[in-house]
Amino acid sequence: MTAIKKHLIVVAGPTAVGKTAVSIKLAKHFSGEIISADSRQIFRELNIGTAKPDEAELASAPHHFVDSHSIHEEYDAARYGQDALELIHRLFERNDFLILCGGSGLYIKAVLEGFDDIPEVPDSIREELVEGFEANGIGWLQEKMMTLDPDHFQEIDKLNPHRLMRALEVKIGTGSSIASFRKKQKREHDFNIHKIGLELPREELHERIDARMDKMIAEGLFEEAQQLFPFRNHNALQTVGYQEIFDFMEGKYGREEAIRLLKRNSRRYAKRQLTWFKRDEEMKWFSPEPFQQILDWLQTRI
RNA sequence: GGGGGAAUACCAAAGCGGCCAACUGGGACAGACUGUAAAUCUGUUGUCUUAUGACUUCAUAGGUUCGAAUCCUAUUUCCCCCA
């Protein structure tokens with residue numbers, strides 16, 4: 001391992017745990033650059049609700065994939081995986097250390113492991129599936145799946161519309177079952193990878209989430225959401241922190257309830273992130289403080 | 001002081017003799033996840049490491065009954081009305 005001098009430090013963990021601060025400290029300490037692995041901070045139209053690094057933070061270390069795209073573009077984990085990996089290769093030409101930091105588990109996986117190659121499917125197929133689902137419900141998807149790809153239907157999560165639609169679009173678009181593309185091959189990398197998971201006692205994490213949400217609201221989260229209201233159906237806006245406010249604006253409930261849901265849904269999101277990252281046995285877990293502990297561990301590996 | 005009503009698991013709230021360890025909602029906890037991932041979906045939530053099992057629960061104490069969260073009596077607490 002020590003033969004290779006390039007190091008990718010992965011910083012993962014639940015929302016509000018303090019990833020940004022740690023990644024900046026690492027970037028400064030190792031003179032590295034930060035590659036954000038956050039599926040929503042990518043969008044320049046989204047600011048307050050995504051808890052982006054602030055100006056001072058952005059200025060203190062080079063950041064990538066923050067404000068890099070518009071909510072009007074189509075973007076997804078697979079594309080990110082390719083783009084980020086290309087960038088990593090390019091940046092390693094002038095850096096020995098890079099920090100891949102974010103809470104989007106699938107995005108990190110897309111970079112580190114990659115996805116199996118599945119041919120592009122025309123958008124029109126997905127659009128038809130989405131329309132069919134919205135008009136006829138999940139039963140319609142299940143029946144379609146049962147007739148088109150019965151073998152995989154047995155394996156799949158039958159109650160999950162997203163999974164059904166993805167499996168169907170691949171089957172319809174390529175003629176082959178999505179299962180036939182699954183090779184489960186992982187990427188090989190010519191750089192070292194160090195995975196750092198950040199966590200805090202649950203109670204403390206919840207307090208931080210609540211406090212940060214109050215801060216976002218004070219900074220104008222409701223106003224930001226109001227401006228984005230016309231785009232509320234865009235994929236980029238299917239996001240904790242915005243959907244709750246859109247529903248409030250549509251009169252589904254009052255402001256108090258909206259705030260309650262904002263906090264609750266952020267907590268649940270944090271739990272999902274934790275569930276995802278905890279499964280990764282290579283992840284080494286730390287409290288964000290003291291930072292020295294993290295450095296000490298890294299020193300033993302580089 | 002007199003009259004009426006209510007006490008159910010973390011919270012709210014159903015159940016009003018057996019199908020009740022107890023509907024439902026909230027909250028919490030746990031999990032899945034290879035192209036929407038801050039998305040989408042699943043499970044658990046009285047105790048017992050597992051259970052088509054055992055044990056202890058529906059304010060407390062007694063009672064009626066083959067059988068009670070459900071009926072009766074007393075006690076305690078809370079709410080409402082009259083004084």
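Just so it is clear, the model here is predicted, and its values are computed rather than measured.
When the nucleotides B/rA38, B/rG35, B/rU36 are ranked by their closest atom to the side chain of A/F115, B/rG35 comes out on top. Of the candidates B/rA39, B/rA37, B/rG35, B/rG35 carries the atom nearest the A/A78 side chain, counting heavy atoms from C-beta on. The side chain of A/T50 sits closest to B/rA38 out of B/rA39, B/rU36, B/rA38. Ranking B/rA39, B/rC29, B/rU42 by closeness to the A/L159 side chain, first place goes to B/rU42. Side chain of A/R126, nearest nucleotide from B/rA37, B/rG35, B/rA38: B/rG35.
In terms of phosphate contacts, A/K271 brings a side-chain nitrogen or oxygen within less than 4.0 Å of OP1 or OP2 of B/rG31. Taking 4.0 angstrom as the limit, A/T275 places a side-chain polar atom (N or O) nearer than this to OP1 or OP2 of B/rG31. In this structure, A/R166 does not reach the B/rA39 phosphate: none of its side-chain N or O atoms is under 4.0 Å from OP1 or OP2. In this model, the phosphate group of B/rU34 is not approached by any side-chain N or O of A/R163 to a distance below 4.0 Å at OP1 or OP2.
A/T15 and A/R212 share a side-chain donor-acceptor pair at under 3.5 Å. Using a 3.5 Å distance cut-off with no hydrogens or angles, the side chains of A/D83 and A/Y75 do pair a donor with an acceptor.
Residue A/N265 is out of contact with every strand shown, counting any heavy-atom pair closer than 4.0 Å. Here A/Y107 lies in heavy-atom contact (under 4.0 Å) with sugar-phosphate atoms only. A/H206 comes within contact range of the sugar-phosphate backbone alone, with a heavy-atom separation under 4.0 Å but no base atom that close. Among the protein residues, A/G49 comes within range of the nucleic acid bases, having at least one heavy atom under 4.0 Å from a base atom.
For A/E120 and B/rG35, a side-chain-to-base donor-acceptor distance below 3.5 Å is present, hydrogens and geometry of angles not being considered. The base of B/rU34 sits within donor-acceptor range of the side chain of A/D116, with an N or O pair under 3.5 Å.
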Can you check nucleotides 25-27 of chain B for protein contacts, nitrogen or oxygen pairs under 3.5 Å, and list what you find?
unit_1: B/rG26; atom_1: O3'; unit_2: A/R260; atom_2: NH2; d: 2.8
unit_1: B/rG27; atom_1: OP1; unit_2: A/R260; atom_2: NH2; d: 2.4
unit_1: B/rG27; atom_1: OP1; unit_2: A/R264; atom_2: NE; d: 3.1
unit_1: B/rG27; atom_1: OP1; unit_2: A/R264; atom_2: NH1; d: 2.3
unit_1: B/rG27; atom_1: OP2; unit_2: A/R264; atom_2: NH1; d: 2.9
unit_1: B/rG27; atom_1: OP2; unit_2: A/R268; atom_2: NH2; d: 3.0

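In this structure, A/S180 contributes its side chain and A/S176 its backbone to no donor-acceptor pair below 3.5 Å.
By the 6.0 Å and 45° rule, A/R255 stacks over the aromatic ring of A/F222. Note that A/K195 lies outside the cation-pi zone of A/W285, set by a 6.0 Å cut-off to the ring centre and a 45° limit from the axis.
The CE atom of A/M216 sits 14 Å away from the P atom of B/rA38 (whole-angstrom rounding). Taking atom CG of residue A/N160 and atom P of nucleotide B/rU34, one finds them 12 Å apart after rounding to whole Å.
The only option from A/I88, A/D96, A/L98 that meets the side chain to side chain contact (heavy atoms under 4.5 Å, CB included) definition with A/F191 turns out to be A/I88.
Between A/H234 and A/F231, the ring planes lie perpendicular to each other; the angle is over 60°, past the 30° to 60° tilted range.
Comparing A/N235 and A/R272, the nucleotide of RNA chain B nearest to each residue sits closer to the 5' end for A/N235.
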